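To start, the structure under review is shown below, and the notes come after it.
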Amino acid sequence: MIEFTEVSKIYRVAKRQAGMKNAVKSFFSRQYNTVHALQNVSFSIRDGEMVGYIGPNGAGKSTTIKIMCGVLTPESGTCMINGRVPYKERVAHVRDIGVVFGQRSQLWWDVPVIDSFDLIRDIYRVDEKTYRKNVSELADLLDLGEILQTPVRTLSLGQRMRCEIAASLLHNPKVLFLDEPTIGLDAVSKLAVRKFIRELNEKKGTTIVLTTHDMQDIEALTERVLLIGRGRILLDGKLDDLKKHISERKTMVIQYQGNPPILMKEMTQTESSQGRMKVSFDPGEISVSGAIAYFAANTELLDVSVADISTEEMVAELYKEYRL
Ligand code: ADP
């Protein structure tokens, strides 16, 4: 269980003005700006849940993760994870958590991956039997094979990311923090990483907090989404409910031959290319069957499909709504 209660975090940044004189002046009397990175943030995440933590740059996501990892202490409020306060009981706490930062590596660059794993085993004092079992299981599931004997610096990004994920799980953590785990990966590697994360959550019940700008990660992995903006939690709910909150509108993609259709006045065109058009409308104004009938009567229709608003569109709308 992860519980945030009214957590606030402030950074103090020394004011600097240009020029030597000001540098000397500020050395003797420092002035500070304060940044309210988190303001009364409260949420709870149950054991075994997989939650997407989203928000624009500077919203406060990393600060939240750092508090959950025990790296930062909040000014006020409390964070409890599995009955412990991370920043007060760091040593015990880190045994319970795994962390993967897509942009940073926890593996040693010049040595074979397995040597890094051995070091991690020693740091976390994982017993030999558990370690062997985990390495062999993870190597199997993440298709590590010969990669384990290869120095990290020669791996592709996709291979390295699979190793990073394995490294974070060698000590059987109950909670895993993933920060942009698919950033920069090619399509095949993305799918492999997502599949693994889903199975880890389903089979082992690992609690997962996923920070990402990739809405396909969110779509593929999480049911629940927390939206943070300017240090405050703005929304907390199921992805489907968020979509409904943003828009009940339906999106219809039609493919046609000949002239493009003239739209009904209640319809908005959102995309258009040769022989293909995407329109949106409010199903309260036009029924889906009514729209299909309209196009069938007025266009040489080849194909039609109906979709809800995409997750990307939803997030863009949310950012607009909350002026983020
Ligand atoms: P995110 O991860 O969502 O991009 P962060 O948690 O990194 O957001 O940042 C939240 C706010 O705190 C931003 O305004 C950022 O500039 C500020 N901030 C983050 N780290 C520091 C720091 N070490 N010193 C001063 N300000 C910081």
Side-chain angles (χ1 to χ4, degrees), residues 2-18 23 26-27 30-45 50-79 81 85-87 90 93 97-106 161 164 168 175-185 197 207-218 221-222 224-237 239 242 311-312 314-324:
I2 301 177
E3 272 202 293
F4 260 59
T5 317
E6 303 275 313
V7 172
S8 294
K9 175 72 198 169
I10 296 169
Y11 293 109
R12 294 200 320 146
V13 188
K15 269 192 197 168
R16 281 240 188 103
Q17 279 164 342
S26 76
F27 185 78
R30 278 259 151 96
Q31 288 190 317
Y32 292 92
N33 280 331
T34 50
V35 179
H36 293 267
L38 296 180
Q39 302 185 58
N40 298 322
V41 166
S42 299
F43 60 81
S44 66
I45 297 173
M50 180 145 60
V51 174
Y53 195 45
I54 62 170
N57 290 338
K61 301 180 298 295
S62 305
T63 305
T64 314
I65 303 283
K66 283 177 190 165
I67 290 173
M68 292 200 272
C69 293
V71 177
L72 287 179
T73 305
E75 262 62 46
S76 60
T78 46
C79 164
I81 299 184
V85 177
Y87 35 89
R90 277 176 75 167
H93 175 64
I97 61 164
V99 192
V100 177
F101 288 106
Q103 317 250 41
R104 254 170 287 157
S105 181
Q106 58 183 319
M161 193 51 67
E164 298 281 353
S168 72
V175 182
L176 182 62
F177 300 113
L178 296 168
D179 188 358
E180 299 281 359
T182 64
I183 197 163
L185 300 189
I197 295 170
T207 309
I208 295 175
V209 181
L210 168 72
T211 318
T212 182
H213 288 292
D214 186 327
M215 289 308 132
Q216 282 169 352
D217 281 352
I218 296 285
L221 294 172
T222 64
R224 179 178 163 204
V225 174
L226 286 166
L227 171 73
I228 184 169
R230 282 182 257 104
R232 294 177 190 274
I233 298 289
L234 301 174
L235 283 172
D236 175 358
L239 191 57
L242 288 190
T311 305
E312 250 134 33
M314 176 199 80
V315 171
E317 288 290 327
L318 281 175
Y319 286 6
K320 233 195 296 177
E321 181 179 331
Y322 288 99
R323 297 200 174 81
L324 295 177

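Just so you know, these numbers use all the heavy atoms, side chains as well, and skip hydrogens, waters and symmetry mates. Sequential numbering from 1 along the given sequence is applied to the chain's residues. Worth saying up front: this structure is predicted, and the values here are computed from it rather than measured. First listed ligand is number 1; within each ligand, the first listed atom is number 1.
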Quick one: which ligand 1 atoms are inside 4.0 Å of a heavy atom on Lys61? 1 (P), 2 (O), 3 (O), 4 (O), 6 (O), 8 (O)
When you measure from atom 5 (P) of ligand 1 to each heavy atom in Val13, Thr63, Leu72, Asn57, which option holds the nearest one? Thr63
Search all heavy atoms of Cys69 against all heavy atoms of Ile97 and return the closest pair with its distance. CA-CD1, 3.8 Å
Would you say atom 11 (C) of ligand 1 makes contact with the protein, given that contact here means a non-hydrogen protein atom less than 4.0 Å away? yes
In the protein, what heavy atom is nearest to atom 13 (C) of ligand 1, and what distance, to one decimal place, separates them? Gly58 O, 3.6 Å
Report yes or no: do Glu164 and Ser105 form a side-chain donor-acceptor pair below 3.5 Å? yes
Backbone or side-chain N or O of Gly60 under 3.5 Å from ligand 1 N or O: yes
Just jot down the ligand 1 atoms closer than 4.0 angstrom to any heavy atom of Val35, in number order. 12 (O), 14 (O), 17 (C)
Ignoring hydrogens, what is the shortest heavy-atom contact between Val7 and Cys79? Give both atom names and the distance. CG2-N, 4.3 Å
Considering only the protein, which heavy-atom contact is closest to atom 27 (C) of ligand 1, and what is its distance? Tyr11 CD1, 3.2 Å
Run His213 and Asn57 through side-chain contact (heavy atoms from CB on, under 4.5 Å) and show every step you take. CA-CA 9 Å; His213 288 292; Asn57 290 338; 3.2 Å; yes
Any nitrogen or oxygen of Ala37, side chain or backbone, less than 3.5 Å from one on ligand 1? no
Scanning both residues in full, the closest heavy-atom pair of Met50 with Leu221 reads CE-O, 3.1 Å
By the definition side-chain hydrogen bond (donor to acceptor under 3.5 Å, both in side chains), identify the one residue from Thr34, Thr63, Asn33 that meets it with Tyr11. Thr63
Numbering the atoms of ligand 1 from 1, which are under 4.0 Å from a heavy atom of Pro56? 3 (O)
Compute the minimum heavy-atom distance from Gly231 to ligand 1 and say whether it is under 4.0 Å. no
Ring geometry between Phe43 and Tyr53 (parallel below 30°, tilted from 30 to 60°, perpendicular above 60°): tilted
Under 4.0 Å from a heavy atom of Ser62: give me the atoms of ligand 1 that qualify, with their elements. 1 (P), 2 (O), 6 (O), 7 (O)
Distance check, rounded to the nearest 0.5 Å: Thr211 atom OG1 versus Glu180 atom CD? 7.5 Å
